[in-house]
Each structure stands twice: as structure tokens, then as C-alpha cells.
A.B. asks: 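I'd like to ask some things about the structure below.
Computed over heavy atoms, backbone and side chain alike; hydrogens, waters and symmetry mates excluded.
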Amino acid sequence: MKNLKIAFLLSLVSAIGFIAAIPYLLAIGGDALAMVPIPLPVAMTIFVLQGTIMAFLFSWIGLTFATKVGLDAPVLRKWLYKTGGESFNKKGIIQAVIFGLAATGLLLLLEFAVFQPLLPILAEKAQNVEVSVWAGILTSIQGGVYEEVMVRLFMMTMIVWICSKLFGRNSSPKPWMYWTGIIGAALIFGLGHLPAANVYFGEITPLLFIRTLALNGVAGILFGYLYWKRGLEYAMIAHAIGDIILHGFIK
């Protein structure tokens with residue numbers, strides 16, 4: 001019961017994020033959405049409800065195991081339970097902002113300096129998509145909250161917990177276990193984008209495979225480090241900053 005308040009809050013904010021992301025999804029997924037065999041409003045309603053339920057489950061399970069391996073959402077725990085945890089601190093927020101900007105810069109460098117010269121289709125696809133600034137910015141709620149709940153709070157936590165059970169002998173997790181969780185969750189997140197990439201590009205070539213893993217996984221290493229060292233809330237800040245820039249202002 002000690003984690004239900006946080007799980008409910010994270011699922012509520014995730015629901016808001018799913019709703020806020022609909023204009024962006026409609027803008028970039030026109031062809032794919034046209035193939036959905038049910039009315040679009042029904043599809044979007046299912047999308048929001050399903051995502052909200054998953055957000056709650058990911059949050060509740062993740063929090064249950066996170067506290068066993070030294071991970072948590074400390075700021076939310078202090079706000080909602082008035083015990084333990086800690087409030088936001090200036091140093092942590094500055095670090096989150098720097099990590100968010102660094103992740104964004106790294107992704108842009110990879111995309112424009114490495115992948116676009118090798119894959120002309122990327123520029124062609126970008127020219128055919130018209131997304132308003134506000135629609136792009138609104139996706140940061142879904143990305144910053146739900147994706148961090150799913151990837152860091154749930155996936156990374158479970159990997160660390162499994163490593164600690166298999167190799168920890170009831171001791172505190174070793175640093176390599178956290179790094180395994182950080183890298184493992186980032187790779188799983190990248191692999192999870194392959195079906196969408198296949199729909200978007202029509203096929204997955206070896207280079208598109210590498211691009212999908214790199215662009216969706218590299219930033220996750222920085223976000224995972226923040227989750228480990230600072231707490232989930234700081235990873236959310238960094239992720240949201242990246243999404244605001246990438247989806248709102250980079251065309």
C-alpha cells in the first residue's frame with residue numbers, strides 16, 4: 001500500500017500525457033492510422049486507457065522492487081507521504097538539465113552527422129511531416145513521465161533486482177548491476193521501437209536497425225544514471241527537456 005499514491009499519481013500524469021500527445025500522433029502517423037480498422041476516436045480512447053493502466057502497473061511494480069535495490073522516486077515520496085525521500089535540490093535540477101541538453105545534442109549529432117548522410121530517406125520523410133511546435137512540445141509529458149516509468153522505474157529496476165538476486169547474495173547491489181540495468185533497459189527500449197520504425201520506413205535495413213537502437217538507447221543511458229544517482233524525478237526532467245527540443249523545435 002505504501003506505493004499506491006505514487007503509482008496513482010504517475011498513472012494520472014501519464015494519462016494526461018497520452019491525451020496531450022494525440023495531435024502529434026495524428027500528424028506523424030497519418031498513413032498508419034488510416035489503416036486502423038476501428039473509428040479513430042475509439043482507437044485514441046483505447047490508446048489512452050490502455051496506456052494509463054500500463055502506467056499504473058509499471059509504477060506499482062517498479063516502486064515495489066525499486067526500494068529493495070536502493071532506487072526510488074524520492075521527491076514524490078516526500079510530497080505524498082511526508083516521510084523519507086527528499087525535495088528537489090538545485091544541484092540535482094542543474095544536473096538533469098545538463099543531461100537533457102547533452103542527450104539532445106548527442107542525438108542530433110548522430111542523426112545529422114552520421115545517419116542522414118547515409119540514409120537519404122530520413123530527410124525525405126522529415127520533409128513530408130508537418131508538426132506544430134505546440135504539438136511537439138506536448139509530447140514531452142508522455143515521454144518524460146510514461147517512458148521513464150516504463151523504462152527506468154520498471155525495466156531498469158527489474159534488471160537490477162534480478163541481478164542482485166542472482167549474484168548479490170543478499171548484499172546491496174554492486175555498481176555493475178546498476179550499469180547492467182541502465183544499458184539493458186536502454187537496449188530494450190530501442191528494440192521496442194523497431195515495429196514502429198518498420199511501419200514508418202517500410203522495412204528495417206541493418207543501418208536503420210542500428211539507428212533505431214542508437215537514437216532510442218543512447219539518451220537512456222544518461223537518464224538511467226540520473227535515476228540511479230538522483231531519483232526518477234530527475235530522469236523525467238532530463239527526458240522531458242530532450243523531447244521539448246527534439247519534437248517541438250527540431251524540424
Side-chain angles (χ1 to χ4, degrees), residues 6-7 9-21 24-25 28 51-52 54-55 58-59 62-63 66 71-76 88-89 91-111 131 133-160 178-179 181-193 196 212-250:
I6 302 176
L9 178 59
L10 290 174
S11 61
L12 175 61
V13 178
S14 293
I16 295 171
F18 288 126
I19 295 170
Y24 182 82
L25 294 177
I28 68 170
T52 302
M54 294 306 298
F58 286 144
S59 298
L63 288 164
L71 299 169
D72 201 7
V75 177
L76 292 179
F88 279 118
N89 64 78
K91 183 177 180 180
I93 292 176
I94 292 174
Q95 185 178 22
V97 171
I98 291 173
F99 273 43
L101 295 175
T104 304
L106 182 58
L107 294 185
L108 291 175
L109 179 64
L110 287 172
E111 179 72 348
V131 181
V133 172
W134 67 268
I137 290 174
L138 286 176
T139 62
S140 65
I141 304 174
Q142 178 190 346
V145 178
Y146 176 71
E147 290 183 4
E148 286 306 305
V149 164
M150 177 178 65
V151 183
R152 249 59 66 182
L153 183 56
F154 179 71
M155 292 183 188
M156 176 180 157
T157 295
M158 295 307 300
I159 293 173
V160 175
Y178 291 107
W179 282 112
I182 290 170
I183 296 172
L187 287 175
I188 292 172
F189 184 63
L191 290 171
H193 281 76
T212 302
L213 289 187
L215 296 190
N216 290 290
V218 169
I221 295 175
L222 295 177
F223 303 154
Y225 181 83
L226 281 173
Y227 173 43
W228 172 24
K229 293 297 185 178
R230 294 285 182 182
L232 182 67
E233 298 86 356
Y234 296 94
M236 288 179 173
I237 292 172
H239 194 144
I241 288 172
D243 278 358
I244 288 171
I245 298 172
L246 291 173
H247 298 309
F249 298 99
I250 303 298

A.B. asks: What salt bridge (Lys or Arg N to Asp or Glu O under 4.0 Å) pairs are there with at least one residue in residues 135-159, not counting sequence neighbours?
C.D. replies: Glu148-Arg152

A.B. asks: Tell me the closest heavy-atom pair linking Tyr24 and Gly136, and the distance in Å.
C.D. replies: CD1-CA, 4.0 Å

A.B. asks: Determine whether Leu215 and Glu111 make a side-chain contact, defined as any pair of heavy atoms from C-beta on separated by less than 4.5 Å.
C.D. replies: yes

A.B. asks: With sequence neighbours left out, what residues match Ile98 under side chain to side chain contact (heavy atoms under 4.5 Å, CB included)?
C.D. replies: Ile94

A.B. asks: Please report the interatomic distance CD1(Ile245) to CD1(Ile137), rounded to the nearest 0.5 Å.
C.D. replies: 10.5 Å

A.B. asks: Quick one: does any side-chain atom of Glu233 pair with a main-chain N or O of Val75 as donor and acceptor, under 3.5 Å?
C.D. replies: yes

A.B. asks: Got a sec, which pairs hit side chain to side chain donor-acceptor pair (under 3.5 Å) with one end in residues 184-193, sequence neighbours left out?
C.D. replies: His193-Asn216

A.B. asks: In the structure I gave you, are the side-chain heavy atoms of Phe249 and Ile244 within less than 4.5 Å of one another anywhere?
C.D. replies: yes

A.B. asks: Is there any side chain to side chain donor-acceptor pair (under 3.5 Å) pair reaching into residues 92-105, and which pairs are they, with sequence neighbours excluded?
C.D. replies: Gln95-Arg230

A.B. asks: Classify the ring geometry between Trp179 and Trp228 as parallel (under 30°), tilted (30 to 60°) or perpendicular (over 60°).
C.D. replies: perpendicular

A.B. asks: For a quick test of reading the model, state the closest non-hydrogen atom pair linking Ser14 to Val145 and the distance between them.
C.D. replies: OG-CG1, 3.6 Å

A.B. asks: Who are the side chain to side chain donor-acceptor pair (under 3.5 Å) partners of Trp134, not counting sequence neighbours?
C.D. replies: Ser132

A.B. asks: Evaluate the side-chain proximity of Leu246 to Leu108: yes if any heavy-atom separation is below 4.5 Å, no if none is.
C.D. replies: yes

A.B. asks: Going from OG on Ser11 to CE on Met54, what distance comes out if it is rounded to the nearest 0.5 angstrom?
C.D. replies: 12.0 Å

A.B. asks: Of all residues at least two apart in sequence or in a different chain, which pass the side chain to side chain donor-acceptor pair (under 3.5 Å) check with Thr139?
C.D. replies: none

A.B. asks: Show every salt bridge (Lys or Arg N to Asp or Glu O under 4.0 Å) that has at least one partner inside residues 241-250, sequence neighbours left out.
C.D. replies: none

A.B. asks: Output all residues satisfying side chain to side chain contact (heavy atoms under 4.5 Å, CB included) with Ala15, sequence neighbours left out; order by chain, then residue number.
C.D. replies: Thr52

A.B. asks: Shortest non-hydrogen contact from Leu187 to Leu213?
C.D. replies: O-CD2, 4.1 Å

A.B. asks: Closest approach of Val151 and Phe189, non-hydrogen atoms and distance?
C.D. replies: CG2-CD1, 3.2 Å

A.B. asks: For Tyr146, give me all partners under side chain to side chain donor-acceptor pair (under 3.5 Å), at least two apart in sequence or on another chain.
C.D. replies: none

A.B. asks: Roughly how far, to the nearest 0.5 Å, is CG of Leu71 from OG1 of Thr157?
C.D. replies: 5.0 Å

A.B. asks: Let's go through Val149 and Phe154 carefully: what are the C-alpha distance in whole Å and the side-chain angles of both, what is the deciding distance for side chain to side chain contact (heavy atoms under 4.5 Å, CB included) to 0.1 Å, and is it a yes or a no?
C.D. replies: CA-CA 6 Å; Val149 164; Phe154 179 71; 5.8 Å; no

A.B. asks: Does Tyr225 have any side chain to side chain donor-acceptor pair (under 3.5 Å) partners at least two apart in sequence or in another chain, and if so, which?
C.D. replies: none

A.B. asks: Say you draw a straight line from CE of Met156 to CD1 of Ile183; how long is it, rounded to the nearest 0.5 Å?
C.D. replies: 10.5 Å

A.B. asks: Please round to the nearest 0.5 Å and tell me the distance separating atom CG of Leu25 and atom CZ of Phe18.
C.D. replies: 10.0 Å

A.B. asks: Kindly indicate whether the side chain of Leu63, heavy atoms from C-beta on, has any atom under 4.5 Å from the side chain of Asp72.
C.D. replies: yes

A.B. asks: Can you list everything that forms a ring-ring contact (aromatic ring centres under 6.0 Å, His included) with Tyr227? Sequence neighbours excluded, please.
C.D. replies: none

A.B. asks: Run the numbers on Ile237 and Leu226 for side chain to side chain contact (heavy atoms under 4.5 Å, CB included), then give the verdict.
C.D. replies: CA-CA 10 Å; Ile237 292 172; Leu226 281 173; over 6 Å; no

A.B. asks: Please give me the minimum heavy-atom distance between Ser59 and Leu10, naming the atom from each residue.
C.D. replies: OG-CB, 3.5 Å

A.B. asks: Could you list the residues that satisfy ring-ring contact (aromatic ring centres under 6.0 Å, His included) with Phe88, not counting sequence neighbours?
C.D. replies: Trp79, Tyr234

A.B. asks: Check Ala185 against Met155 and note the closest heavy-atom contact, atom names and distance.
C.D. replies: CB-CB, 4.0 Å

A.B. asks: Applying side chain to side chain contact (heavy atoms under 4.5 Å, CB included) to Ile19 and Ile141, what does each step give before you reach the verdict?
C.D. replies: CA-CA 10 Å; Ile19 295 170; Ile141 304 174; over 6 Å; no

